[in-house]
Amino acid sequence: MTLRFSGLPAPSLLRLLLATTIVPRNDYFILSFTIIKRDIKDMAASGLLNTIFDSTTHTAIVVTDFDGKIIMFNQGAANLFGYTPEEAKDRYLPELTFSKEDQEIHLFKQIVERVKNEGWTEETLLRQHKSGRVFPAISTITCLKDSKGQSKGILEITQDVPNLFRLEKELKESKNFLENIMASSINAIVTTDPKGYITYSNRAFRELVGLRGHQIIGKHISIYYKDGIDQARQIMNKLKEFGRIRDYEFDMRVEDKIIPIRTSDTLLYDDYGEIVGTMGVFQDITARKKLSEKLSATQAELIQAVKIRALGDLVTGVAHEINNPLMASDTFLHLLGNETGNNPESKKRIKLLKECNLRIQNIVKKLKEFSRQSKFEFTAMDVNDAILSVLAITRQQLLNQGIEVGLGLSENLPRVLGDKNQIEQVLLNIISNARDAMEGCSQKVLAIQTDLSQKGQQVEIRVSDTGIGMTTEEIEQIFNPFFTTKDSDKGIGLGLSISYRIIDAHQGKIEVNSELNKGTIFIVSLPVYLAGGKRDDEN
């Protein structure tokens, strides 16, 4: 049988095949030809051609024109696709061996265009057997050219790879599964190459820095460290030393914002044990730090409250023990006063002793107040009324000392459940301290403001002065009994301790903000009163 291709006899077709460059692209198939002299006899050439194609029983070799019409179909193709060479002859390759989907999108025509443009192509396709079975296969497709370089048709070499698609599918599913895990993590995950350039970032990391993936990949990780490249080197050195880092805290910089971060990092290795990069899991601990600071402040308040309550119990007993000998002392001083007659020196001494006793009585009174011996009478009250009552007593004294008083009282404030006399006592103590703090200052301004808290559950009283202020150490101690920054003749350090106890009994809070030489602000917060005699915090 004489084979013809575009009008060429079999020997000419053989020369086309031998002149065609077939580039091996994988481990599945290598086809090699030996150059045959041009003067080979036609019969010998035709026999050699048939021998080559018939001997290749495990690899399909098919020759078609550019429309896909089959010119040559070897035994390997017959074994692979299920058609005999006679059945395949003059039929179209796509109709016989391409899946319906690939036929509908005219995939063969697309392959022909790539071969014409590039000379060859390698395709992994789903091919179809005569029985209808679909299977994966790899095809190396080459353009057949004549001696003048004119394209004459297509040479396709195909092999069945039954496990390829399954492995690719499993690999893709595994890759997608891992990517979904990384993407779904609430913690920010980022990987870098050994030099610190970012190679991957998950959704949480992109949200943390406020950028999209393409804006992050390729950037150096140090741009997100507050301390820059030094911080990156420090982390990398630890990784090289230990292989991984757990719960390492540092500050992350995102534009002008500083974010506290806790990270766990590890080195990434290839199959040969070489370092190929790093992976870091970042956790934003801003909320945790704020909670920790709030917890520390709450613990300090609890300790303070426990100390004052314990001291109050002690003071109750001490005050009682002092009162008994003090009463006896007053009695004897009165008798001595009657016996001294007109001796001025003796009268002077007795008067001095009485003044000392009076001072002791005042101290005991304060101690009793501190230990809550006085009974509280809670009623619905207006804090503005308490402030105006206190100012009616102290305003003239403040003006005499050159202190300007500024009022900013909010109207229609809700009432609080409190003891008006006790709240006035607190305000008197705070105003007295402010007055003493402004002594000798060039600017003397006392400002009192009232307002409703943002959540509407507390009424706030703010008393600020332009006095000498306090240090951090002094602020930490001002509510301790007997602590004072004043001279001994101006106080014994119980005023703010008593105030603290009073506000605590009202289930409120008293806070202070102060800076040395810049003044002080006291903030008293009291729960809003509700119907039924309850406070808002109780409700």
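All values reported here derive from a predicted model rather than from experimental measurement.
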Which atom names give the shortest non-hydrogen contact between [X] and [Y], and what distance separates them?
X      : Y      : result
Thr466 : Lys444 : OG1-CA, 3.5 Å
Pro194 : Val276 : CD-O, 3.2 Å
Arg206 : Arg212 : CD-C, 3.9 Å
Thr520 : Gly469 : OG1-CA, 3.6 Å
Gly519 : Ser514 : O-OG, 3.1 Å
Ser389 : Glu424 : CB-OE2, 3.3 Å

Please tell me if the side chains of [X] and [Y] come closer than 4.5 Å, counting only heavy atoms from C-beta onward.
X      : Y      : value
Thr124 : Pro136 : no
Asp227 : Gln234 : no
Lys289 : Glu249 : yes
Val190 : Tyr224 : no
Leu208 : Met252 : yes
Ile503 : Leu526 : yes
Met381 : Val416 : yes
Asp419 : Thr379 : no

Notebook entry, point to check: For residues Asn187 and Ser185, is any side-chain donor paired with an opposing acceptor at under 3.5 Å?
Noted result: no

Notebook entry, point to check: Just checking, any donor-acceptor pair under 3.5 angstrom between side chains of Gln425 and Asn429?
Noted result: yes

Next item on the list: Please check if atom CD in Glu255 has more than 12 non-hydrogen atoms from other residues, nucleotides or ligands closer than 6.0 Å.
Entry: no

Notebook entry, point to check: So with a 6.0 Å cut-off around CD1 of Ile105, is the heavy-atom count from everything else above 12?
Noted result: yes

Next item on the list: Assign the ring pair Phe282 / Tyr225 to parallel, tilted or perpendicular, where the plane angle (0 to 90°) is split at 30° and 60°.
Entry: tilted

Check: Looking only at atom types and distance, does a side-chain atom of His220 sit under 3.5 Å from a main-chain N or O of Lys195, one as donor and one as acceptor?
Finding: yes

Next item on the list: Would you sort out whether Met236 and Leu267 count as a side-chain contact (heavy atoms from CB on, under 4.5 Å), showing the intermediate values?
Entry: CA-CA 9 Å; Met236 193 62 185; Leu267 291 175; 4.0 Å; yes

Interatomic spacing from [atom1] in [X] to [atom2] in [Y] - rounded to 0.5 Å:
X      : Y      : atom1 : atom2 : value
Thr278 : Arg244 : OG1   : CZ    : 13.5 Å
Ile431 : Phe522 : CD1   : CZ    : 11.5 Å
Ile468 : Cys441 : CD1   : SG    : 7.0 Å
Tyr200 : Ile216 : OH    : CD1   : 10.5 Å
Ile235 : Lys240 : CD1   : NZ    : 13.5 Å
Asn202 : Glu207 : CG    : CD    : 8.5 Å

Item checked: Identified side-chain contact (heavy atoms from CB on, under 4.5 Å) partner of Val254 from the options Val209, Leu211, Ile223 -> Val209

Notebook entry, point to check: Step by step, would you call Ile461 with Ile430 a side-chain contact (heavy atoms from CB on, under 4.5 Å)?
Noted result: CA-CA 11 Å; Ile461 306 170; Ile430 295 174; over 6 Å; no

Next item on the list: Quick one: do Arg288 and Arg262 satisfy side-chain contact (heavy atoms from CB on, under 4.5 Å)? Show the steps, please.
Entry: CA-CA 11 Å; Arg288 183 178 298 180; Arg262 177 175 293 167; 2.5 Å; yes

Show which side-chain atoms of residues 390-411 pair as donor or acceptor with protein atoms under 3.5 Å away, not counting sequence neighbours.
unit_1 : atom_1 : unit_2 : atom_2 : d
Thr394 : OG1    : Val390 : O      : 3.0
Gln396 : NE2    : Asn400 : OD1    : 2.9
Gln397 : OE1    : Arg435 : NH1    : 3.4
Asn400 : ND2    : Gln396 : O      : 3.2
Ser410 : OG     : Thr450 : O      : 2.6

Check: Yes or no on side-chain contact (heavy atoms from CB on, under 4.5 Å) for Ser264 and Asp247, after CA distance, side-chain angles and deciding distance?
Finding: CA-CA 5 Å; Ser264 294; Asp247 298 333; 4.1 Å; yes

